[in-house]
Amino acid sequence: MAQKISAVKGMNDIAPPASAHWEWLEETLRTLMQQYGYRNLRTPIVEPTALFVRGLGEVTDIVEKEMYSFEDRLNGEQLTLRPENTAGVVRAVIESNMLYDGGKRLYYMGPMFRHERPQRGRYRQFHQFGAEALGFAGPDVDAELIVLACDLWAKLGLKGIALEINSLGQPSERQAHRQALIAHLETQAEVLDEDARRRLHSNPLRILDTKNPAMQAVVNAAPRLMDFLGEASLTHFNRLRSLLDAHGISYTINPRLVRGMDYYNLSVFEFVTTELGSQGTVCAGGRYDGLIEQVGGKAAPAVGWALGMERILELLKEQGLLPDAPAPDAYAIVPDAGSAAQVMPVLRALRQKGVKVQMHAGTTEGMGSMKSQFKKADASGARFALIFGTDELTQGQVALKPLRGPRTEEPAGQALLPLDAVGGWAAKLLAT
Ligand code: ATP
Ligand code: MG
């Protein structure tokens, strides 16, 4: 045998039965987005490296050390596997002038790539679902997006997801805070780690986001950005708060919530759980009024969030909320391979009516014993077995056998069904 080739570290296959959970979650999300008037945007997985460098900021974890970047061997272009999709959405919106007739509500889902240390809830290829509202100044859409996420938790039945919010104000306000922050951090230079020392003058706000336990004290004592906000920023924040209050949504204000990307301003928020270890942020976002202009478009406000699909699925699993594996309605048992030409069109007609039918497939040795076929039928989770015995077929019949918890209206045992009545049986089945 040839040498086996494994998947790239930190990049996983999503196979049955888990893939059904993904499809179910994706469908739940799509339905919810439609209820809020968000429409799907699909952008390429590969973008020019410059988009992320300019969009996310040079002094960010992602741009400094997490991007999969490469040179196109054919034309030398610098390209990157998208580490997130807000920048891509913004690029697409600018490129097709999508805001020409007003704001747009968009959503996306798909794989993202970051070279991180793989662990529970942290992968190198992971999947995000994101919602973006572009061309709206808020704070009503800020609230809409947060409420939407809360609706998702409710729809999924998820408990224990806490909302944290903060305001990053405007760049001028951050500038004043920055001076005070640097001064404070400089007095504590000996406890700063390497990352912090490097960022002290390039991006001190990001130091507040540190996960290093040794730096928690100095960071907790740091001057708060909230105290540097002007009236307009405070009004935006307070209006967002009262809109959340109007929905009965509880939250805590976390003055240290700064988010990983440079592009945020005003409202920022995270949904966090304590049930997933240290990878506890399941959904995060905020306002990014400067990004569209920064990426070369005409200035327009925008706000959005992204959730980690793997983390949501993990939390659903923790809380026992994942649905059962989808099962066929019926499993077709075919004792004689020679009956296939007669049986398969019947199964096809059933499927065209909407019945989920799985057919027992033969091998070169034959169809297998009835016992082994019934075993397969059982394992499939089907409610019924349709047994296409040769004798029954010659008489234009098929045997029908309930496999699972007989319902009161169904015969408990096996029954014979004329082939031309199978359609009627299917209609009844679908109505229950
Ligand atoms: P973290 O602080 O956990 O690294 P982040 O701030 O880098 O997260 P964002 O860029 O805001 O995350 O991405 C939004 C969401 O995507 C996160 O809240 C998380 O649920 C998910 N996510 C981010 N990175 C990963 C990853 N490497 N693997 C799995 N999910 C991820
Ligand atoms: Mg990260």
Side-chain angles (χ1 to χ4, degrees), residues 7-12 14 18 22 25 29 51-52 55-57 59-68 80-90 107-132 145-146 149 152-153 156 158 160-166 168 195 199 203 205-213 219 254 256-264 267-288 291 303-318:
V8 175
K9 185 177 172 197
M11 305 198 181
N12 301 306
I14 300 164
W22 283 76
L25 177 58
L29 280 158
L51 175 66
F52 302 114
L56 275 50
V59 195
T60 54
D61 280 345
I62 291 180
V63 172
E64 278 182 342
K65 52 194 181 198
E66 294 175 358
M67 293 204 302
Y68 282 92
T80 294
L81 297 183
R82 63 182 188 194
E84 59 93 62
N85 202 28
T86 298
V89 166
V90 165
Y107 75 86
Y108 61 80
M109 58 174 115
M112 308 295 157
F113 303 85
R114 297 184 193 177
H115 196 98
E116 305 196 66
R117 192 168 66 76
Q119 53 198 289
R120 184 188 187 197
R122 194 176 292 287
Y123 311 96
R124 290 182 176 175
Q125 174 174 328
F126 63 102
H127 298 76
Q128 283 185 339
F129 182 99
E132 315 278 359
L145 279 160
I146 291 174
L152 178 65
W153 319 142
L156 296 171
L158 285 170
I161 298 181
L163 170 63
E164 297 183 356
I165 62 171
N166 191 20
L168 297 184
D195 258 0
R199 288 176 175 176
N203 197 347
L205 194 60
R206 285 300 318 283
I207 299 175
L208 298 181
D209 194 28
T210 180
K211 287 169 180 133
N212 182 351
V219 149
N254 176 358
R256 284 182 44 194
L257 182 61
V258 297
R259 307 286 308 115
M261 279 69 99
D262 280 357
Y263 53 56
Y264 290 109
S267 321
V268 287
F269 49 88
E270 285 190 3
F271 288 93
V272 294
T273 168
T274 53
E275 289 171 54
L276 295 176
S278 47
Q279 271 58 252
T281 305
V282 291
C283 175
R287 184 156 277 286
Y288 49 93
L291 183 61
V303 55
W305 53 244
L307 63 78
M309 296 286 281
E310 284 86 353
R311 293 187 193 177
I312 297 292
L313 285 162
E314 186 74 23
L315 191 58
L316 285 161
K317 187 172 157 203
E318 284 292 319

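Note that ligands are numbered from 1 as they come in the structure, with each ligand's atoms numbered from 1 the same way.
For the residue pair Leu158 and Leu315, the shortest heavy atom distance occurs at CD2-CG, 3.8 Å. Nearest heavy atom pair, residue Gln125 against residue Pro111, reads NE2-CB, 3.5 Å.
Within ligand 1, the atoms closer than 4.0 Å to a non-hydrogen atom of Arg114 are 5 (P), 7 (O), 9 (P), 10 (O), 12 (O), 13 (O), 23 (C), 24 (N), numbered from 1 in the order shown. Taking every non-hydrogen atom of Ala306 and a distance limit under 4.0 Å, the qualifying atoms of ligand 1 come out as 14 (C), 15 (C). If you number the atoms of ligand 1 from 1 as listed, the ones under 4.0 Å from a heavy atom of Gln128 come out as 13 (O), 14 (C), 15 (C), 16 (O). Interface atoms of ligand 1 facing Gly121, defined by a heavy-atom separation under 4.0 Å, are 28 (N), 29 (C), 30 (N).
Between Arg311 and ligand 1, an N or O atom pair is found at a separation short of 3.5 Å.
Contact annotation: for Ile62 versus ligand 1, there are no heavy atoms closer than 4.0 Å.
A salt bridge does not link Glu116 to Arg124: none of the charged nitrogens lies less than 4.0 Å from a carboxylate oxygen. With respect to the salt-bridge test (charged N to carboxylate O, under 4.0 angstrom), the residues Glu66 and Arg122 do not qualify. A salt bridge links Asp61 and Arg199; the closest N-O separation between the charged side-chain nitrogens and carboxylate oxygens is under 4.0 Å.
By heavy-atom distance, the residue among Glu270, Gln119, Lys211, Gln279 lying nearest atom 2 (O) of ligand 1 is Lys211.
Thr210 contributes a side-chain N or O that, together with a main-chain N or O of Asn212, makes up a donor-acceptor pair within less than 3.5 Å.
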